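What follows is one structure encoded as structure tokens, with my remarks underneath.
Just so it is clear, the structure is predicted and the values come from calculations on it, not from any experiment. We name chains A, B, ... by the order of the sequence lines, and we start the count at 1 in each one.
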2 protein chains.
Amino acid sequence: MVDVKSMANPLFLREEELRQGIEMLFFAYRDFTGEPDAILSEIDLGRAHHRVIYFVGRNPRITVTDLLKILKITKQSLSRVLSQLVNEGYIDQTTDQGDRRKKLLTLTEKGVDLEHRLTENQRKRIARAYKAAGAEAVQGFREVLRGIIDPGDQERFEIVAPAMPPQRRGKG
Amino acid sequence: MVDVKSMANPLFLREEELRQGIEMLFFAYRDFTGEPDAILSEIDLGRAHHRVIYFVGRNPRITVTDLLKILKITKQSLSRVLSQLVNEGYIDQTTDQGDRRKKLLTLTEKGVDLEHRLTENQRKRIARAYKAAGAEAVQGFREVLRGIIDPGDQERFEIVAPAMPPQRRGKG
DNA sequence: TTTTTACGTCAACCATGTTGACTTAATTCC
DNA sequence: GGAATTAAGTCAACATGGTTGACGTAAAAA
């Protein structure tokens, strides 16, 4: 039996392709956050804490304002989790000596330990997927994901060079 | 200046690569849900409603139990949003005539309309990213994302054939 | 006929986001 | 030097969307 729909209407295949993209993103994110969430709940922390710990670990001496720009939440929301993390000894706050209004955030040893425990799962999951898919696929994964991200944050990720023909891009 | 770290320690590059994967997933998901959320809040609905509408639209006549398996939330959580969607005329419930315990969920016309409005943003975003990255990249994107998803749901997405050499995969 | 399945419901609670108002200290601008 | 701006924090109220636990009903399966 011939697939009449995709023959007569090329948009049909495209629609299906796009919807699969939407769904894969949903499932991937759901499963990606599942395991760290389980670890966090055992020590009475949540996903919001993980995000803060992650990005402070990744950007030592980051200011509160810069952290807010990454997370795109309000400072009141951040305040709740951040002060908890400081109180419980996961994060250190020091005053910026150049501009004494700014507070610089850094993970303590305890914070680094937790960050490793939490991210280990996710690193392994990605490593497994990368390995199974191969280097070229990883390149494509990065290019597409980068395109999905809003312009303001795309710059965080270097532009990967096209796989083979550097000419003739942007048009299919 | 030579990059001593990546020369002496190949794991350093790998670590950076994996962390970028983690972050891209975070940023992509954050931006991916932003626009639909804005539309939803105008009609006093939330992201949870979107997910239900999306998957009911994608799986007409789906049962509550099957929907729960996709969303991986409790039936009490689902109940809250689902009954709202039924009450407000976005979703129809009919009894399965084969097994009269089951209720089959389908979008009404109003539901289809909303689903289109919401998903349009996301489809466009993905379409843009796909187009910019090219067909090969899309292939890679799918392969990697599929690998990130837990085995139980991977089967939802067909295995894409490797780009060129079908031999020599899984090892770098 | 008993057990299981599908679905629903009430109630309490928790995590994480929001808005809005207001404060303090430090820096920058004129 | 004084005014305006910036960085950070705080209090309060509220919305959303998850959770657990207990319980109920109808239909199907064992």
Tell me: CG of A/Leu67 to P of D/dA7, nearest whole Å?
-> 14 Å

In whole angstroms, the gap separating P of C/dC7 from CD1 of B/Ile91 amounts to 14 Å

Within the structure, does a side-chain N or O atom of A/Lys102 lie under 4.0 Å from either OP1 or OP2 of C/dA25?
-> no

Inspect the contact between A/Asp66 and A/Lys69 and indicate whether a charged nitrogen and a carboxylate oxygen are less than 4.0 angstrom apart.
-> yes

Judged by nearest nucleotide, the residue sitting upstream toward the 5' end of DNA chain C, B/Gln93 or A/Lys72, is B/Gln93

Under a 4.0 Å N-O cut-off, is there an ion pair linking B/Arg19 with A/Glu115?
-> yes

Using a distance-only test with no angle check, is there a side-chain donor-acceptor pair under 3.5 angstrom linking B/Glu23 and A/Tyr54?
-> yes

Please state how far atom CG in A/Leu85 lies from atom C1' in D/dG9, giving the value in whole angstrom units.
-> 16 Å

Please give, in whole Å, the distance from D/dT16 C1' to B/Ile43 CD1?
-> 15 Å

What closest approach, in Å, do B/His49 and B/Gly46 show between heavy atoms, and which atom pair accounts for it?
-> ND1-N, 2.8 Å

Taking salt bridge (charged side-chain N to carboxylate O under 4.0 Å, His left out) as the test, write out the residues that go with A/Arg101, two or more places apart.
-> A/Asp99

Reckon B/Thr63 touches a base, only the sugar-phosphate, or nothing at all at heavy-atom distances under 4.0 Å?
-> sugar-phosphate

A/Phe26/B/Phe55 aromatic ring centres below 6.0 Å = yes

State, yes or no, whether a side-chain contact exists between B/Pro36 and B/Gln122 at a heavy-atom distance under 4.5 Å.
-> yes

Does the side chain of B/Glu16 pick up a donor-acceptor pair with the side chain of B/Gln20 at under 3.5 Å?
-> yes

Distance below 4.0 Å between B/Thr74 side-chain N/O and D/dT19 OP1 or OP2 | yes

Output one line per pair: protein atom, nucleotide atom from nucleotides 13-16 of chain C, and distance, for all N/O pairs under 3.5 Å.
residue	atom	partner	partner atom	Å
C/dT16	OP1	A/Arg47	N	2.7
C/dT16	OP1	A/Ala48	N	3.1

Could I get a table of every N or O pair under 3.5 Å where one atom is in the protein and the other is in nucleotides 26-30 of chain D?
residue	atom	partner	partner atom	Å
D/dA28	OP1	B/Arg100	N	3.0
D/dA28	O4'	B/Arg101	NE	3.4

Take the protein atom NZ of A/Lys103 and the nucleotide atom C1' of D/dT6, then report the distance between them rounded to whole Å.
-> 14 Å

Starting at the 5' end of DNA chain C, which residue's closest nucleotide do you reach first, A/Gln76 or B/Asp66?
-> B/Asp66

With the threshold set at 4.0 Å, does a side-chain nitrogen-carboxylate oxygen contact exist between B/Asp150 and A/Arg125?
-> yes

What is the distance, rounded to the nearest whole Å, between atom CG of B/Leu78 and atom P of D/dT19?
-> 11 Å

